[in-house]
Each structure stands twice: as structure tokens, then as C-alpha cells.
Amino acid sequence: MDMKIEEKIAAVVAESIWQVSGQQIDPASIVLQKTRKDFAGDLTLVVFPFVKALKRSPEQTAEFLGETLVKRIIEVEGYNVVKGFLNMVLTSGFWLEFLAGEAGNDRFGYAGEEQGPHKTGNEKKPVVVEFSSPNTNKPLHLGHIRNNLFGYAVSLLLERTGNKVVKVNLVNDRGIHICKSMLAWMKFGRGETPESTGKKGDKLVGDYYVIFEIKLRRQVAVLMAEKGLSEEEARKEAPLMQEAQSLLRRWEARDPEVLTVWKQMNAWVYEGFNATYKRMGVAFDKTYYESDTYLLGREIVLEGLREGLFYKKEDGSVWAGLSEHNLNEKLLLRTDGTSVYMTQDIGTAQLRYDDFLPRKMIYVVGNEQNHHFNVLKKVLGKLGKPYADAIQHLSYGMVELPQGRMKSREGTVVDADDLMDEMVATAQKTTEELGKTQHFSEVEKKDLYHVIGMGALKYFILKVDPQKNMLFKPEESIDFNGNTGPFIQYTHARICSVLRKAVPERLKQALNSLDGMSLNEKEKQLLKSLYDFPDVVLEAATELSPAKVANYVYEVAREFNQFYHEYSILNEPDRGISDFRLLLSQLTATTIRNGMALLSIDVPERM
RNA sequence: GGCCCCGUAGUUCAACGGACAGAAUAGAAGUUUCCUAAACUUUAGAUACAGGUUCGAUUCCUGUCGGGGCUACCA
């Protein structure tokens with residue numbers, strides 16, 4: 001493929017300024033953007049940065065560059081100048097050539113094998129993306145949904161732009177939290193199992209975590225009343241908490257009785273998690289368990305201690321001093337020798353590095369842990385680990401409810417399974433009300449409701465800039481009209497309906513009809529938007545922001561609907577125009593499908 | 001207290017330092033003998049406040065106010 005039109009223009013601009021003024025301009029100062037809808041033109045160059053070099057007014061600068069560009073680049077057929085903005089008009093031929101070139105390309109927007117990053121040296125090393133990272137003491141909730149969808153979409157974005165990606169999950173299966181669930185089950189569970197209760201495994205274990213907290217709270221209340229302790233002191237001294245800590249020590253000592261219970265309860269949880277992941281449509285290439293990595297972490301910490309990088313306090317606890325980074329000292333091993341989160345993460349990072357020799361390790365973890373990852377990188381740096389700088393904490397914002405953060409203690413947690421159930425149920429209800437599925441089989445219906453319900457949920461989550469906190473209103477947040485997943489899915493289904501009605505041969509032959517075609521405004525606007533797709537994907541991948549894709553695809557769908565409303569495709573009497581519109585519709589469908597696929601959202605052919 | 005993030009229509013979200021700040025939803029008014037009305041059209045409505053840098057600031061800097069997070073021998 002030859003040089004992109006944007007590159008040609010930039011090159012001519014830089015060259016002509018150099019010829020006239022003898023000045024090299026900064027390539028970054030050449031700002032080319034889509035012409036805004038209220039002005040005539042296709043591409044706009046902002047000329048303010050060049051007025052000094054050319055010693056002319058903005059208008060004169062724009063005129064000069066406009067004339068030069070029209071002369072030197074055949075695709076530029078005209079221009080107009082508004083203030084300091086040079087609006088260029090590209091030929092219809094240019095747009096039609098683009099359409100002809102991409103028509104029928106199912107991978108439109110994705111990097112071809114040859115287009116990926118240069119497969120040499122560092123670039124061929126994989127990127128490891130960690131996401132999900134659940135604890136085994138409670139079921140997945142709305143926060144995990146954002147994490148999973150975000151992490152999975154980022155992985156897809158990197159993959160489709162030519163990177164080798166390894167998706168990993170890190171299950172936090174050890175530590176005080178799971179001991180709490182275990183203890184409650186051992187003391188109060190009377191041998192309950194998922195089978196005996198009919199509960200999903202992760203739900204059952206989560207229930208015992210709640211039971212622990214309830215019983216603990218009672219003990220704390222008693223201690224506060226009888227001994228006059230503060231809540232904090234009472235929590236520490238409460239027998240249940242003591243027992244949980246003792247359980248953790250027995251676990252780390254590999255007490256067989258404890259290990260048996262632990263394995264059993266975790267197995268229940270994994271079964272539950274896997275069902276949820278499957279439904280959500282996310283998958284991993286490898287799953288790490290912290291029970292497998294914390295010992296390595298402890299080893300590394302102890303080695304650091306021997307080398308004098310860390311220090312031990314009188315009570316036996318081990319710390320990293322980080323005052324050189326203006327950070328407080330960080331605990332690495334507790335007084336009783338057990339590991340903390342940081343210890344595990346040190347081991348996990350090492351293992352992951354050894355496994356994949358990645359050029360980058362991305363951790364998709366909420367922004368509440370910004371500090372933690374900052375410290376992790378510093379500690380690994382102190383240890384002289386080569387991968388300390390390869391770690392990137394891809395931090396994202398919280399999902400909030402109208403009453404604020406989700407709090408498991410206050411029972412405001414939105415359960416992932418429940419939410420997905422609701423979405424699918426709403427999809428079914430809405431679809432039935434519209435009477436659209438009379439001719440669907442039962443299997444097709446079930447499939448469609450799942451696709452629409454999940455599409456609504458996923459789009460709602462992913463369209464928001466990941467850096468920002470987002471608000472979820474249980475009763476009204478997820479709509480099926482407007483800027484939503486189902487709107488986009490519907491647009492796709494509409495296009496498929498048209499394409500089905502066309503004779504298949506027509507699409508192949510249609511390419512011959514394009515010569516000399518002139519485009520109306522809506523057609524051109526839609527085609528211009530489609531032209532942007534590959535750049536949007538690249539930008540989204542660079543910024544690790546699936547939201548860019550989501551908002552873009554919506555824009556395309558909206559433009560198609562406007563075009564569709566105003567013009568006929570199959571009923572257009574002029575065969576050439578009809579053919580062109582078919583190709584335009586087909587590429588729109590491909591763009592929607594490929595864009596939504598980056599968000600792990602399926603698009604139905606009928607709905 | 002210290003450090004970090006965020007303040008855009010009633011509400012939920014957009015906007016590489018670029019033109020008159022875009023959508024959706026809720027509100028008002030319309031469109032279907034025609035390829036799927038989950039659509040389309042019209043209408044009204046916003047950059048928290050005060051300075052600064054710049055030809056140009058929602059965007060960058062400073063301060064004020066408001067919201068959130070972190071600052072654990074929790075994860």
C-alpha cells in the first residue's frame with residue numbers, strides 16, 4: 001500500500017515550508033484532523049504553527065499551503081480557508097478507491113500479519129496482561145465485571161494490532177480472607193456443599209465469609225462493651241480472628257487437615273468462577289495461584305534480607321525501606337513469618353517473567369491500588385530485577401452506586417451472575433414486546449437474548465473512559481435505546497437484512513460500478529467515518545482504551561441509520577448507485593462487527 | 001494532616017492545546033402504503049470558581065471550593 005494521504009500532505013507541507021522559509025518545522029506541529037461537519041471539506045490543517053516561519057498572516061499561510069497541496073497531490077481537488085484553518089476537499093475517486101480496497105476484507109481495521117510491530121528483537125516478546133484477579137472468598141461482582149471486560153478488551157486490542165499477548169489470571173487463593181470462610185464453614189457449616197444446598201460454589205463460600213463477619217461482629221461488640229476496647233483492638237482480640245490467624249499459620253505449615261478443607265472449598269469456588277467467566281465470554285491463557293507464588297516471593301524477600309537490601313525489626317517482621325523514594329517503609333513478612341500481598345506479588349512477578357520473558361507486564365487493577373503498584377515497582381527495583389520497569393499498572397476507575405461505593409458489609413454489592421441474569425431477562429422482555437422473534441427457534445431465541453443482554457452490559461461498561469469512575473444505577477443504567485450496545489447490534493442486523501436480500505453475485509460485481517460515481521453528503525460522511533476505523537483501533541491500542549472503539553462504533557452506527565433512513569439501497573433505481581450503497585453497507589457491517597469484537601460483543605444477523 | 005485522581009446540559013457519557021463544546025437519556029413537537037420505528041427529524045439545555053501561560057484552554061500551571069481513593073502486620 002502506498003503512503004497514506006495524511007502522510008503525503010504532511011510531507012508536502014513540511015517540504016514547501018522548508019523551500020520557502022528554509023525552516024525545518026516540527027513534524028508534531030502538523031495537525032491534520034477531520035473537517036468539522038459545519039464546514040466544507042474532508043481534512044483540515046491547522047496553520048497557526050506555520051505563520052511565524054512563513055511570515056504571513058494565517059489566511060495567507062493557508063492559501064499558500066492550499067494552492068501547493070492542490071498542485072502537488074492529485075487526491076486534493078480543492079480547498080477553502082476559514083480563519084487559520086485550511087479545509088481540503090479530497091476527490092470522490094480517493095474515497096471510492098478506499099471502499100474498493102477494503103470491500104470484502106473481513107479483517108478490516110485489524111493489523112495484517114505484515115503490519116504488526118516489527119518482529120525483531122524486543123518487539124517479538126509477548127505482552128502479559130493480567131486481569132480479573134479474584135479472591136476466593138467471595139463471588140464476582142460488578143467491579144470484577146468492569147475489570148474483566150476491560151482487561152479482556154485490552155488484550156484483544158493488543159492482539160489485533162499485531163502484538164503477541166498472554167492473558168493471565170492471578171487467583172488470590174491464600175491468605176487471611178479465605179481462612180475466614182474456611183473457619184466459618186468448619187465451625188458452622190455442618191458439611192454443607194454446593195450439591196447439598198444447590199448453591200453455586202463461589203456463592204456458598206461467599207456466604208460463609210459473611211457468616212464469619214457477622215459472628216465476628218458479635219464478639220467485637222461484646223469485647224467493646226465488657227472490656228471497653230476500641231473496635232480496632234476488639235477485632236484483633238476477638239477469638240474468631242485469633243482462630244482465623246491460627247488457621248493461616250497452620251495453612252502455611254501445610255497442616256493436612258487444613259489443606260484438605262482449603263482445596264475442597266477452592267474447588268467449589270473455581271467451578272463457580274468458571275461458569276461466570278464463560279457466560280461473560282472471557283478466557284485466560286494461564287492461571288496463576290498465589291498459593292504457588294508466595295513461597296517464591298518469600299524466598300526472594302529473604303534473599304534481599306541476606307543481601308542487606310531489606311531489614312528485620314526486633315519483632316521479626318521484615319521491611320523494605322523506601323525513604324529514598326519519599327515513601328514509607330513497607331512490610332514484606334509479618335512477625336509470625338507469614339506473607340502479605342506484596343510478598344506474593346514479588347513472587348508472581350518473578351514467575352511470570354521466567355515463564356514468558358515478556359517485554360511488558362500489564363496489571364489491570366483498580367486505581368485504589370495505585371500506591372501498592374508504585375511500591376511494588378520500587379521494591380523490585382531495589383532487588384535489581386530487570387522486569388521492574390516492564391511492569392505497568394493499568395489502573396482503572398471504580399464502579400459506584402448512587403449511594404457510593406459498593407460495600408459488602410452493607411450488602412450493596414451487585415453480584416455478577418445476578419446482573420447478567422437481569423440483562424438477559426430484560427433483553428428477552430424487550431424483544432418480545434417488539435414482537436421480533438416469532439420466527440426464531442427456541443435455541444435461537446435463547447442465544448439472541450444472551451447476545452443482546454450481554455451486549456447492553458458490556459457496551460455500557462466499556463464505553464466509559466477506563467480511567468474514570470463510573471456510576472451504575474441498578475434500575476435505569478442499562479438502556480437498549482440510544483448510545484447502547486443493542487442500538488449498534490440492531491444496526492448491524494438491519495444491514496445484514498439488506499445484504500441477505502441482495503443476490504450474492506452483486507456484491508462481487510459491484511466493484512465494477514464504482515468508477516466515476518459521485519457521492520452525496522451522507523454517503524461521504526459515512527465513508528469518511530469508516531476510513532477512520534484502522535486509526536481508531538491503533539489509537540485505542542496505544543492508549544489501552546477500549547472506550548475509544550466503543551464511542552467510534554456508535555458514531556458509525558448512528559451515521560448509517562441516518563443514511564439508511566434517507567436513501568434506499570436495494571430500491572434505488574440506478575444500478576450503479578445501488579451497487580455502491582451495497583458495498584458501503586457491507587463495509588459498515590464489517591466495521592461494526594470488528595469494532596464490537598474488540599469489545600468482546602457479538603452482533604446478531606437478525607434481531 | 002500528607003499524597004493521588006476527578007468536577008462538562010436535570011441525568012449518564014464524548015471532545016491528540018484548535019473552528020460555534022458533541023451524543024444519549026429525561027422534557028416538548030413530529031415521521032411508517034417504502035430495504036427491521038431497538039430507527040429517523042425538529043426543539044430546549046453544560047465546561048464548579050478565580051487567576052496565569054498561549055494566536056487559541058474543557059484540555060497545561062497555581063489557588064479556592066466540592067467528590068472519591070490511598071496513607072494497614074487487609075487484599
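Just so we're on the same page: letters track the sequence lines, and every chain starts at 1.
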Exercise. Cation over ring, A:Lys330 on A:Trp319, under 6.0 Å and within 45°?
Worked result: no

Problem set entry | A:Tyr396 OH to B:C6 P, straight-line distance once rounded to whole Å | 17 Å

Problem set entry | Proximity of A:Tyr341 and A:His372 rings by center, below 6.0 Å | yes

Problem set entry | Nearest-angstrom distance from the residue atom CG of A:Leu32 to P of B:G18 | 14 Å

Exercise. A:Arg405 and A:Met398: which non-hydrogen atoms are nearest, and at how many Å?
Worked result: NH2-SD, 4.1 Å

Exercise. Regarding A:Arg174 and the six-membered ring of A:Tyr294, is the cationic atom NZ or CZ under 6.0 Å from the ring centre and inside 45° of its axis?
Worked result: yes

Exercise. Taking the nucleotide of RNA chain B with the closest heavy atom to each, which residue, A:Phe85 or A:Arg405, is nearer the 5' end?
Worked result: A:Phe85

Exercise. Ion pair present between A:Lys138 and A:Asp202, side-chain N to carboxylate O less than 4.0 angstrom?
Worked result: no

For this session: Check ring pair (Phe, Tyr, Trp, His ring centres under 6.0 Å) between A:His492 and all other residues, then give those that pass, not counting sequence neighbours.
Result: none

Exercise. In chain order, what residues pass the ring pair (Phe, Tyr, Trp, His ring centres under 6.0 Å) check against A:His393, with sequence neighbours excluded?
Worked result: A:Phe373

For this session: For A:Asn328, report the nucleic acid contact type (base, sugar-phosphate, nothing); a contact means any heavy atom under 4.0 Å.
Result: sugar-phosphate

For this session: Please report, rounded to the nearest Å, how far the C1' atom of B:U12 is from the OH atom of A:Tyr459.
Result: 12 Å

For this session: Go through residues 424-434 of chain A and report each residue with a non-hydrogen atom lying under 4.0 Å from RNA chain B, sorted by number.
Result: A:Thr430, A:Thr431, A:Leu434

Exercise. Can you tell me how far C1' of B:A14 sits from CZ of A:Arg36, to the nearest Å?
Worked result: 12 Å

Seminar exercise, completed: Residues at least two apart in sequence or cross-chain that pass side-chain hydrogen bond (donor to acceptor under 3.5 Å, both in side chains) with A:Lys468, listed by chain then number, are none

For this session: Give one of base, sugar-phosphate or nothing for A:Asp345, where a contact means two heavy atoms less than 4.0 Å apart.
Result: nothing

For this session: Search all heavy atoms of A:Phe310 against all heavy atoms of A:Val301 and return the closest pair with its distance.
Result: CD1-O, 3.4 Å

Can you name the atoms? Protein N/O to nucleotides 25-33 of chain B N/O, anything below 3.5 Å, with the distance.
none

Exercise. With a non-hydrogen cut-off below 4.0 angstrom, is A:Leu333 in contact with a base, only sugar-phosphate, or nothing?
Worked result: nothing

N/O-N/O pairs, protein side and nucleotides 53-59 of chain B side, under 3.5 Å:
none

For this session: Describe the nucleic acid contact of A:Arg606 in one word from base, sugar-phosphate, nothing, applying a heavy-atom distance below 4.0 Å.
Result: base

Problem set entry | Side-chain ion pair, A:Glu555 and A:Lys37, N-O less than 4.0 Å | yes

For this session: Pull out every residue in residues 535-555 of chain A that has a heavy atom closer than 4.0 Å to any atom of RNA chain B, ordered by number, or say none.
Result: A:Lys548, A:Tyr554

Exercise. Between B:A48 and B:G66, how far is it from one P atom to the other, in whole Å?
Worked result: 16 Å

Problem set entry | Within residues 462-474 of chain A: residues closer than 4.0 Å to RNA chain B (heavy atoms) | A:Val464, A:Asp465, A:Lys468, A:Asn469, A:Met470, A:Leu471, A:Lys473

Exercise. What integer number of Å spans the P atoms of B:A14 and B:G51?
Worked result: 29 Å

For this session: Assess whether one donor atom and one acceptor atom, taken from the side chain of A:Ser497 and the base of B:C35, lie less than 3.5 Å apart.
Result: no

Exercise. Using Watson-Crick and G-U wobble pairs whose two distances are both under 3.5 Å, how do you write the pairing of RNA chain B as dot-bracket, with | for links to another strand?
Worked result: (((((((..((((....[...)))).(((((.......)))))....(((((..]....))))))))))))....

For this session: Using ring pair (Phe, Tyr, Trp, His ring centres under 6.0 Å) as the criterion, list what pairs up with A:Tyr79, not counting sequence neighbours.
Result: none

N/O donor-acceptor pairs under 3.5 Å from side chains in residues 459-467 of chain A, not counting sequence neighbours:
from: A:Tyr459; atom 1: OH; to: A:Asn483; atom 2: OD1; distance (Å): 2.6
from: A:Tyr459; atom 1: OH; to: A:Ala550; atom 2: O; distance (Å): 3.2
from: A:Lys463; atom 1: NZ; to: A:Asn483; atom 2: O; distance (Å): 3.4
from: A:Asp465; atom 1: OD1; to: A:Gln467; atom 2: N; distance (Å): 2.9

For this session: Ignoring backbone atoms, establish whether A:Lys436 has a side-chain N or O less than 4.0 Å from OP1 or OP2 of B:U36.
Result: no

Exercise. How would you list all residue pairs meeting salt bridge (charged side-chain N to carboxylate O under 4.0 Å, His left out) that involve residues 560-575 of chain A, not counting sequence neighbours?
Worked result: A:Glu572-A:Arg581, A:Arg575-A:Asp579

Exercise. NA contact type, A:Ala502, heavy-atom cut-off 4.0 Å: base, sugar-phosphate, or nothing?
Worked result: nothing

Problem set entry | Over-ring placement of A:Arg56 relative to A:Phe64, 6.0 Å and 45° cut-offs | yes

Problem set entry | Rounded distance in Å between the C1' positions of B:C20 and B:A28 | 24 Å

Exercise. Using atom C1' of each nucleotide, how far apart are B:C55 and B:A38 to the nearest Å?
Worked result: 47 Å

Problem set entry | Distance-only donor-acceptor test (3.5 Å): side chain A:Thr491, base B:A38 | no

